[in-house]
Each structure stands twice: as structure tokens, then as C-alpha cells.
**Student:** 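Have a look at the structure that comes next, please.
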Amino acid sequence: MSNNVRVRFAPSPTGPLHIGGVRTALFNYLFAKKHNGTFVLRIEDTDQNRYVEGAEDYIVESLNWCGIPFDEGPNTNEQFSPYRQSERKHLYKQYAEELIAKGKAYYAFDTAESLDAHRKDHEAKGKTFIYNWHNREKLTNSISLSKEEVDKRIANGEDYVIRFKMLDLKNQGSHGTIRTRDLIRGSVSFKMELLDDKVIFKSDGMPTYHLANIVDDHLMKISHVIRGEEWLPSVPLHIALYHALGWQAPEFAHLPLILKPTGKGKLSKRDGDKLGFPVFPLEWTDPKTGDISRGYKEDGYFPEAMVNFLAFLGWNPGTEQEIFSLDELVNAFDLERVHKAGARFDPEKIKWFNHHYMQDQSNDDLANQFKASQPELESIDVNYISLVVGLVKERATFIGDFWNLTHYFFSAPTSYDEKASKKALKEGTKDVLEKVIELVNSVDDFTTDNLQNTIKGWITSNDIGFGKVMMPLRLALVGALQGPDVFDIMFMIGKKETVKRIENIISFIP
RNA sequence: ACUCCGUUAGUCAAAUGGCUAAGACGCCUGACUUUCUAUCAGGAAUUAAGGGUUCAAUUCCCUUACGGAGUACCA
């Protein structure tokens, strides 16, 4: 596995890229980079009905925002292009026909309605309709029909699909099982007799996922297929297809699914709406309905935080280290350490990662982001904002938290928190604050240290009790009982403003 | 219903056929003779159940339960 590692992320452009898809892409990326391989993006747009305008661009932008760009893909002029299946349409039919010629596939004329009827009929009897070896001779296809009849139907332009002959009793004799090795799950086996004859080529002239997928993986020399667990049941089909075409199958690795934070099933857009967190990397506007789905980026998450969090959903390094840069992830990543069981999505934990990555950024960087996001700060010196940010950033998770945390650095409080007032404003508070004004005025060199020494000195020498002074003082400056060190706040807003705010609250006290 | 996959605290999860089953998020408590959503210190909480194999099982095997996925001319 040196330089021959080629992996692909192969989404369908049917809407915004789901967070689970991002994780799949991430694991592909990590695996590729770990082995000095190539990460390919292939757009699987074989279903024209489900194509959604803008979805492909969204996928590309999302990967870029996450910092996991592809090496080959649409609009890169690489040797295996094109990378959109719709542009590779001409490639697939010949392989379907090759399979027919080899007796491994056949034409089928059954209409969707008649198959539906069969399914309903079976269901009513408590059985499952499977189109395969046990009934294919009774259905309408090139096995049950004469060659003339088949030719005639095709010549008449009748709709047909091509089905893969999954198990051929005449040639394969026993039913048996098909066994394979999955890089994550180990040995996996399937009973051949229960498998159905899947449609590999549709009546609209397009291949189905299964055919297009293996043809492209083969042609693009994909060495490892890393995809979601929902594909595990298709593995026997894919392996049989590789065999039938005389190709070597790639290695498979099926990733565990990402589950809802609570309740049953896999994570869906609805869970995000209900519980108030995004399930998409970027904001998405539905081109048809105009509905907007929020994105991690717009909600204030840093891509590093999301990537770090996602990496730990279904994988861990086996050490106690949790904070990983992308490079460190590449180094540590190993498919063997990927879990088999589905992982519940925890919106709280990704916040914790975000908080952590916030602390890593410089005050200046954060100040610039803060300033850009808050109209009130337009005329404020960014250096001042930077100092403010430095005082509060350890209690912020998002840039969007800053305003709530710091507005009193920029303008005086216009009201006082009711509960805090009850707690802080007691009998005698007025006198205490009046004395504090005196003390503040007496500090000529207005620094945090000088303020602190003066006021704390006064408190201790008069044996007053810190709470009696500090709480009303904080309330005067902030409007609530929150924020960083009171002396830092006084220093930042300056002597004049400090005095003004204390006078304000004195006049507020009845 | 059938097929496949899975199951360590509320969640993400580590570990080994054998000492008190890591760590993180969250939660609770305390501290910081000034607040807190921060910080620090503590705490509660887990091997799904039942059978085997074994001197010994969370680890290996079986059964049950539960969970997930798939059973489309969707991917």
C-alpha cells in the first residue's frame, strides 16, 4: 500500500452534503494521505430525477471549507476524467452488454407496475418477492422469452432493463455463501440464494449505482472503497460483478453510521432542526422551496473543530489525546481502529471542540472576526477589541458569544439584572459605592494593579467583606453578575466611565 | 417478514483470558474570603440478559433481547 492507494468519495448531487457524508469523505482523505495516495471526488449523478441544482458546487465547497480537498475530481483535468457519471454515460452500456454476452446478465421487460404487484402480492402472504434464480424463468425476460421475441421487443423500442444474474443454478450448482473480508468488520458472508438479480442498467439508458460504481472504481484504479455501512448489503453483488467482468475487486471498508443524538435511527436533517444544531457543513438554500438549512460554518464552528469531532465519531487513536490537527489525524489514522457500531451524534461535544479551537486563535484574529460580525463595533479600534477579547475568550465557544460577553466594554449598561440587583444591592451599598468613587478618583496611574491594591487594601483594612463591595461594583459596570475581573473591566473602560457607571447605579438604588 | 451488521456509564470510547474496567463530553458537589457560561478539585454512573468453555471472561462460543442497515429501473 505505498503509492497505489487511490480512494474516492462518491456522493450523489441530490442535496446538501450531510455531516455523515463529510465524515466518509474525511476518512477517505485521511486514509489517502496516510498512504501517500490519491483522494478522488466522483459525482454519482446517474439518477436524473434526483439531480439538484447547486448540490455539486456545495459538495466541493464543503470539502474545501473542511480542509480536505480532493486531488482528482470534476473540473480537474486528470487522467481519469471525466469524474461525473453523467459524462461517462457512454462507458457503461458496453459492460452491461459484455455481461449479457457472457451469460451473466439478461434483458428484462417486466414493468414497474407488474413488479410492484408481485411485491404487494407476496407481502400480503407474508413473503418477500425476490427477483432471482427461483422465479426468473417465470418473469418477462430474455431467459424466459425466445431470442426472436426478445429481439422483436427491443426492435420495437420496448423499455427494458438489464439484470445481473446473481446466482446461476445451472452453472454454479450449489447455493453456498459468498465470503469477503472487510477492513473494518473482518470476515463477512452472505447466503447466495437470498440475493436478487439487481438491475444494473435502467430503461432510461443510464446504469444503476451498482454498475456505474464498479466500472468507475475499476477504470479509475480505486484501491480501497471506504463508504457507509448502508452499502454493506451490496457487497456480494459488487464482488460478483467484479468476478463476472474478470476484474479484481478493491478492498472494502464499511464505516459505521452516525445516529441521532436521542431516539432511533440515523442522523437526519429533522434532528438538527428539532434539537437546534446543523447537520450540514455550510448553509444551504433549497433551490425549489427556498428553505434554508443552517450550516456549521454559518453557526460559528471552526472547520478544525468539526473535523476533529467527526474524526472521533467511530474512530479513536487509542491514546488519551483528543485534540488533533489534520496532519496529526493523517498520521494517527488507521482503518483498523474504526469502530463497527454506529455512533450517536453529540452536539455538545462538538461545542467543546470549538471552544478549544477558539482558545488556540490569537486575540487579534478573533478581534477581527468579532468586529466584522458586529455592526456596533464598526468604529471601535481593533486593538481595544483585541484586549477585550483576550479577557473573555476563555468563556466563549463561538465568535457569536462575544457580544453578550463584552457589550459593556463598549457601552454602559442600560439596565440591571433583577436577580443580581437583589443579591448585590443591599443596605449600605450606596455608602460603599460612594467611597469607591472616591478611591477610584484617587488613583492617578490608572492601572489594573493600582486599582486592585487601592480598593482591596481599603476593603481589608476596614474589614468590610469583598462581596459587599465587589458585587455592586460589578453590577454597576456590567449590569449583571458576570464577566472577567472587575479591575480589568475598570481599567479597560477608564476612570471617567467607571465613575460614571457607579454614579448611575447609585442613583438607581432607591 | 427476511438478510447482513452491531451491543463497555446519558454520549464518544480505551483495555486485557487474571490486580481498584482508562480518558473525554455532559451531569452533580466544592473551591476561587467578587460574578460566571470560565478555571481548578472532587463525585455519581458502564462491560445488555442467560447459558457454556476455562483455575479465571468484559474479552472466546451459543441463545435471547435490543439497536442499525438493506431488501427500488435511489444512491
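Proteins get letters first, then strands, A, B, ... in listed order; numbering begins at 1 in each.
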**Student:** Using ring-ring contact (aromatic ring centres under 6.0 Å, His included) as the criterion, list what pairs up with A/Tyr160, not counting sequence neighbours.
**Tutor:** A/Tyr107
**Student:** Which pair of non-hydrogen atoms, one from A/Asp216 and one from A/Arg42, has the smallest distance, and what is that distance?
**Tutor:** CB-NH1, 3.3 Å
**Student:** Regarding A/Arg474, tell me which of base, sugar-phosphate or nothing describes its non-hydrogen contacts under 4.0 Å with the strands shown.
**Tutor:** base
**Student:** Contact class for A/Lys393 vs. all strands (heavy atom < 4.0 Å): base, sugar-phosphate, or nothing?
**Tutor:** nothing
**Student:** Quantified in whole Å, what is the P atom distance between nucleotide B/A48 and nucleotide B/G42?
**Tutor:** 29 Å
**Student:** Which whole number of Å gives the distance between the P atom of B/A9 and that of B/U59?
**Tutor:** 14 Å
**Student:** Is the CD atom of A/Glu336 crowded by more than 12 outside heavy atoms at less than 6.0 Å?
**Tutor:** no
**Student:** Have a look at A/Arg227 and say if it touches a base, only the backbone sugar-phosphate, or nothing, with a 4.0 Å heavy-atom cut-off.
**Tutor:** nothing
**Student:** Which nucleotide wins on minimum distance to the side chain of A/Lys198, given the candidates B/U71, B/A14, B/C73?
**Tutor:** B/U71
**Student:** Applying a 4.0 Å non-hydrogen cut-off, can you work out what A/Asn213 is touching in the nucleic acid: base, sugar-phosphate, or nothing?
**Tutor:** nothing
**Student:** Side chain of A/Thr128 only, please: which of B/A1, B/C74, B/C5 is the nearest?
**Tutor:** B/A1
**Student:** Base, sugar-phosphate, or nothing for A/His339, non-hydrogen atoms under 4.0 angstrom?
**Tutor:** sugar-phosphate
**Student:** Name the orientation class of the two ring planes belonging to A/Phe353 and A/Phe309 (parallel below 30°, tilted from 30 to 60°, perpendicular beyond 60°).
**Tutor:** perpendicular
**Student:** So for A/Lys349 and B/A24, does any side-chain atom that can act as donor or acceptor lie under 3.5 Å from a complementary atom in the base?
**Tutor:** yes
**Student:** Nearest-nucleotide wise, let me know which of A/Phe190 and A/Thr208 is further upstream toward the 5' end of RNA chain B.
**Tutor:** A/Phe190
**Student:** Both distances under 3.5 Å, Watson-Crick or G-U wobble: report the partner of B/A22, or none.
**Tutor:** none
**Student:** Among the candidates B/C25, B/C5, B/A72, find the nucleotide nearest to the side-chain atoms of A/Glu348.
**Tutor:** B/C25
**Student:** Measure the shortest side-chain to side-chain distance between A/Phe491 and A/Val443 over non-hydrogen atoms and say whether it is less than 4.5 angstrom.
**Tutor:** no
**Student:** Have a look at A/Gly465 and say if it touches a base, only the backbone sugar-phosphate, or nothing, with a 4.0 Å heavy-atom cut-off.
**Tutor:** nothing
**Student:** Please report, rounded to the nearest Å, how far the C1' atom of B/C5 is from the CG atom of A/Leu259.
**Tutor:** 13 Å
**Student:** Which nucleotide in the list B/A14, B/G23, B/G68 gets nearest to the side chain of A/Glu320?
**Tutor:** B/G23
**Student:** Quick check on B/C73: is either OP1 or OP2 less than 4.0 Å from any side-chain nitrogen or oxygen of A/Arg163?
**Tutor:** yes
**Student:** From the options B/U35, B/G6, B/G10, select the nucleotide whose nearest atom is closest to the side chain of A/Lys340.
**Tutor:** B/G6
**Student:** So A/Glu251 and A/Val225, do their side chains get closer than 4.5 Å, heavy atoms only?
**Tutor:** no
**Student:** How far does the P atom of B/A49 sit from the matching atom of B/U7, given to the nearest Å?
**Tutor:** 14 Å
**Student:** Can you tell me how far C1' in B/C55 sits from the matching atom in B/G17, rounded to whole Å?
**Tutor:** 11 Å
**Student:** If you check every side-chain atom of A/Ala341, which of B/A75, B/C25, B/U7 has the closest atom?
**Tutor:** B/U7
**Student:** What integer number of Å spans the C1' atoms of B/G6 and B/U64?
**Tutor:** 15 Å
**Student:** Please give the distance between the P atoms of B/U3 and B/A21 as a whole number of Å.
**Tutor:** 39 Å
**Student:** A cation-pi test, strictly: NZ or CZ of A/Arg163 under 6.0 Å from the centre of the six-membered ring of A/Tyr106 and no more than 45 degrees from its axis. Yes or no?
**Tutor:** no
**Student:** State the pairing partner of B/A57; accept Watson-Crick or G-U wobble contacts with both distances under 3.5 Å, and report none otherwise.
**Tutor:** none
**Student:** Once you apply the 3.5 Å cut-off to both distances, tell me the Watson-Crick or G-U wobble partner of B/U39, or none.
**Tutor:** B/A31
**Student:** To the nearest Å, how far apart are A/Asp110 CG and B/C73 C1'?
**Tutor:** 11 Å
**Student:** Kindly point out which of B/C73, B/A75, B/G68 is positioned nearest to the side chain of A/Thr46?
**Tutor:** B/A75
**Student:** Which whole number of Å gives the distance between the P atom of B/A45 and that of B/G23?
**Tutor:** 15 Å
**Student:** Specify the separation, in whole Å, of atom CD1 of A/Ile130 and atom P of B/G70.
**Tutor:** 17 Å
**Student:** Starting the side chain at C-beta, find the nucleotide from B/A14, B/C73, B/G67 nearest to A/Arg337.
**Tutor:** B/A14
**Student:** Of all the nucleotides listed (B/C12, B/A38, B/U35), which has the minimum atom distance to the side chain of A/Leu481?
**Tutor:** B/U35
**Student:** Considering just the side-chain nitrogens and oxygens of A/Asn316, establish if one lies under 4.0 Å of OP1 or OP2 belonging to B/A14.
**Tutor:** yes
**Student:** Ignoring hydrogens and angles, are the base of B/C73 and the side chain of A/Ser203 linked by a donor-acceptor pair under 3.5 Å?
**Tutor:** yes
**Student:** Examine the side chains of A/His254 and A/Arg227 and answer whether a donor and an acceptor come within less than 3.5 Å of each other.
**Tutor:** yes
**Student:** Counting the atoms with a prime plus P, OP1 and OP2 as sugar-phosphate, which does A/Val161 contact under 4.0 Å by heavy atoms, base, sugar-phosphate, or nothing?
**Tutor:** base
**Student:** Given the C1' atoms of B/C66 and B/G50, what is the spacing between them in whole Å?
**Tutor:** 14 Å
**Student:** When you get a sec, tell me which of B/A14, B/A38, B/A72 is the closest nucleotide to the side chain of A/Arg119?
**Tutor:** B/A72
